[in-house]
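Below, each value reflects all heavy atoms present in this structure, side chains not excepted, and no hydrogens, waters or symmetry copies. Chain naming here is simple, since letters A, B, ... match the order of the sequence lines and numbering starts at 1 in each.
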Protein chains: 2
Amino acid sequence: MSQPVRPPAPETRDRILDAAEALFVEHGFEATSMRMITSQAGANIAAVNYHFGSKDALIQEVFRRRLTELNRQRLAALERLQADAGGAPLKPSRIVDAFFGTALELAADTEHGGHTFMRLLGRTYTEPNAFVRQFLAEEYAEVLERFLGALYGALPDVPREEILWRFHFMMGAMSYAIAGTDGLQLFAGHFDDADPQRLMPRLMSFLLGGLRAPLPEFSEVARKGGREAA
Amino acid sequence: MSQPVRPPAPETRDRILDAAEALFVEHGFEATSMRMITSQAGANIAAVNYHFGSKDALIQEVFRRRLTELNRQRLAALERLQADAGGAPLKPSRIVDAFFGTALELAADTEHGGHTFMRLLGRTYTEPNAFVRQFLAEEYAEVLERFLGALYGALPDVPREEILWRFHFMMGAMSYAIAGTDGLQLFAGHFDDADPQRLMPRLMSFLLGGLRAPLPEFSEVARKGGREAA
DNA sequence: GTCTATACCCGGATAGAC
DNA sequence: GTCTATCCGGGTATAGAC
């Protein structure tokens, strides 16, 4: 019955990551104590510090193991589009789908914690915590560069600055879309149809409508009072 | 020289609120200690507990004093629209402007802390903290009811569920719009033009484009793999 | 009514035994 | 690799000064 090499039970570390991810979603980073995490993971308090070094480093690792994979898939989807197009300009809707659709697919995966993670990620973009923001910016640098470049090429008539802002707005909409699938939000009691299956087409319509909207006109004079006029 | 009634120096309480608001924006709720707040406000540690009862109650009061006024203005703007229309259906763009434009105007006020507050509010919609969410939901109940009703009337051909979701998406976009005016976000280094004056038209174009987008089609079969096809 | 000093318990981090 | 003991800083409650 002796197996040649029993894999050296790489358990504790992963159990801590899973427990932390779930608890962070439910309570937030700060309200989740290391004692909560380790007790849920069946580990000792000091195990977090041993395996990760600090609570902050644990948070970072929770994101890293998921985000790296998500952004890899996003880049792969974009590269597939570009290969299929063979040099021709891409359709903006495809690009948007490669970025946001991939994320929503992960959010739809309730079996392996993808949904849990995306809820966490969505609200973390605006985290005040400096090290979290710094880390996210680094993790996203390449993907943003590539997707923005693709959109610039797909929408040559739209000023780049405008595309940049609209991409930013789209990320906000997605963040709230994911958060909104979980009740207990501002619209609690209003949503009759929170079917995750339908979220993707709903969000995609909205995002593309916003991305393709007529360009804004900037009036040189202050526009104060513009709303008051009938 | 004896004045009739010297107003009994209602200072400490307000100084604490101002200090808390500023520190919450910079560090977040949890990372801001009561000792930081009271020392910045020139007050004793126990003053928070005396004036507000707890840190949570202080957070709540920071929001209440600003949010009540913002939502009052929103409702006033909506009522003005309805009075001017005299029973005729409202233009969706006007409704959107009454809600989001009013908020952005507050965000543009850097003199009296409006900007500071809106940054804080934007990221708080998705707070995991249960009591904060609960409180926001109550503060927003009436405004949401009224604005959604107005949009239902203005867009009779759009399913209400769809309007609801799109309103939710719009709030996400606005939240990120405000957060994006402060550098140090994901897009740090990308924005060349973060002029707050231009943010309003930019965001409005996007929101209206999304709101008026063609309705999504829900396929009955699972759409898995739809993106992979060329 | 307003404010202060202080004591309490909980949470994160670390050292060192095993 | 894991656990125990301990330290320091955070929120909170209270007693009492003004």
Side-chain angles (χ1 to χ4, degrees), chain A residues 5-63 120 124 127-132 135, chain B residues 3-63 65 120 124 127-132 134-135:
Chain A
V5 190
R6 178 146 44 98
E11 299 224 345
T12 307
R13 193 188 142 93
D14 288 328
R15 285 204 316 277
I16 290 175
L17 283 172
D18 291 337
E21 187 174 277
L23 288 167
F24 287 155
V25 170
E26 197 171 352
H27 307 286
F29 295 131
E30 307 285 346
T32 302
S33 72
M34 316 234 311
R35 287 165 173 90
M36 286 163 76
I37 296 169
T38 48
S39 82
Q40 175 153 332
N44 183 277
I45 251 285
V48 171
N49 219 276
Y50 174 74
H51 285 284
F52 303 96
S54 70
K55 186 182 181 182
D56 276 1
L58 168 62
I59 294 174
Q60 200 161 321
E61 185 57 22
V62 165
F63 279 96
L120 187 58
T124 307
E127 268 284 314
N129 194 321
F131 97 91
V132 174
F135 166 72
Chain B
Q3 289 126 322
V5 190
R6 177 147 44 99
E11 300 224 345
T12 307
R13 191 188 142 94
D14 287 327
R15 285 205 316 277
I16 290 175
L17 283 172
D18 291 337
E21 188 175 276
L23 288 167
F24 288 156
V25 170
E26 197 171 351
H27 306 286
F29 296 130
E30 307 284 346
T32 302
S33 73
M34 317 238 306
R35 285 161 177 93
M36 285 164 73
I37 295 170
T38 49
S39 80
Q40 173 152 334
N44 184 277
I45 247 287
V48 172
N49 218 277
Y50 172 72
H51 285 286
F52 304 97
S54 69
K55 185 182 182 182
D56 276 1
L58 168 62
I59 294 174
Q60 200 161 320
E61 186 57 23
V62 165
F63 280 97
R65 68 169 181 165
L120 186 58
T124 307
E127 268 286 312
N129 193 322
F131 97 91
V132 175
Q134 170 67 23
F135 166 71

Who pairs with A:S39 by side chain to side chain contact (heavy atoms under 4.5 Å, CB included), at least two apart in sequence or on another chain? none

For A:T32 versus A:M36, what's the shortest heavy-atom pair and its separation? CA-SD, 4.0 Å

In short, B:F24 meets B:K55 closest at the heavy-atom pair CE2-CE, 4.5 Å

Whole-Å gap separating C1' (D:dG9) and CD1 (B:I37): 15 Å

State the CD1-OH distance between B:I16 and B:Y50, to the nearest 0.5 angstrom. 11.0 Å

Any side-chain heavy-atom pair of B:F135 and B:I59 under 4.5 Å: no

Rounded off to whole Å, could you give me the CD-to-C1' distance for the B:E11 and C:dG1 pair? 16 Å

Can you check whether B:L120 reaches B:F63 side chain to side chain, under 4.5 Å on heavy atoms? yes

A:L58 and A:L17, any side-chain heavy atoms less than 4.5 Å apart: yes

Would you say B:H51 places a side-chain N or O within less than 4.0 Å of OP1 or OP2 belonging to C:dG1? no

Using rotation axes that map the C1' atoms of four end pairs onto the next four (five pairs an end), what angle separates the end axes of the helix from C:dG1-D:dC18 to C:dC18-D:dG1, to 10°? 0°

Heavy-atom contacts, protein to nucleotides 4-18 of chain C, under 4.0 Å, summarised as B (base), S (sugar-phosphate only) or - (none) per nt, yield BBB----BBSB----

At less than 4.0 Å, is any side-chain N or O atom of A:T12 found next to OP1 or OP2 of D:dG1? Yes or no. no

Hey, are the side chains of A:H51 and A:E61 touching, using non-hydrogen atoms and a 4.5 Å cut-off? no

